[in-house]
Each structure stands twice: as C-alpha cells, then as structure tokens.
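Given the structure is predicted, the values throughout are model-derived calculations rather than measurements.
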Amino acid sequence: MPRIAEVVRARFGVDYTLPGLDLLLHRLGWSVQVPARRAAERDEQQIAAWREATWPQIKGRRRTWAPGWSSKTSPVRGSGRPGAAPGAGAGARRWSG
C-alpha cells in the first residue's frame, strides 16, 4: 500500500494516508491481489543463495550492546506541574468569587 500511495502522490500530486487510500480503492472496487500460484520462472536455488549471501548484509546484526528497558511498558512522564496529578489539591480551599 505505501508504494501505491507514492504512485498516487507522484502522478496526481495528492497525499493520502494509508487508511484513506485503502478506503478510496475499495470504493472504486479495487482489492488486494494475491497470486494464486508461484511464478513458473521462480529459481529456488537462486533464492536460497540470495538468502544466505545478500539478506544477512541487508538485515545486519542485532545490537546486543544497546541499552534497553526491563519493562514492556513506556515510562510515565509527568507534566512537571504539581496540580496535574489526580487528587492534587483535594483538600485546598476553593475561591468562589
């Protein structure tokens, strides 16, 4: 879908979000196409050689030295204002003017 969005941008000068482009294409009767069978020209030996030689260079190695988080959730970020916390100032007097 991102490639289709680029073609639309290049050809018509219009930017669509991916969900917007998906909706537009479905309204026009277009859908995702999946090949029913593998190509007759497919060379399994050449594909295997590419996976062994080229793909590892493209993918690269995983960085094991980079710092990470022990938690699966994001850290909490406060606004820095004391009254932003829930219940802050609950006992404070309110001014009624």
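In terms of hydrophobic clustering, with Ile, Leu, Val, Met, Phe, Trp and Tyr side chains grouped at heavy-atom distances under 4.5 Å, Trp30 and Phe12 are assigned to a common cluster. By the rule that hydrophobic residues join a cluster once side-chain heavy atoms approach within less than 4.5 Å of another member, Val8 and Leu28 end up as members of one cluster. Val14 and Val7 are members of different hydrophobic clusters when ILVMFWY side chains are connected at heavy-atom separations under 4.5 Å.
Shown here is Arg3, whose CZ atom has no more than 12 heavy atoms of other residues, nucleotides or ligands within 6.0 Å. By the neighbour-count criterion of 12 heavy atoms within 6.0 Å, atom CH2 of Trp50 is densely surrounded, having more than that number from other residues, nucleotides or ligands. Other residues, nucleotides and ligands contribute at most 12 non-hydrogen atoms within 6.0 Å of the CD atom of Gln46.
A distance of 12.5 Å separates OG1 in Thr54 from CD1 in Ile47, rounded to the nearest 0.5 Å.
Arg37 approaches Ala40 most closely through the heavy-atom pair NH1-N, 4.4 Å. Ala5 approaches Leu18 most closely through the heavy-atom pair CB-CD2, 4.2 Å.
Listed by first and then second residue, the side chain to side chain donor-acceptor pair (under 3.5 Å) pairs involving residues 4-22 are Arg9-Asp15, Asp22-His26 (not counting sequence neighbours).
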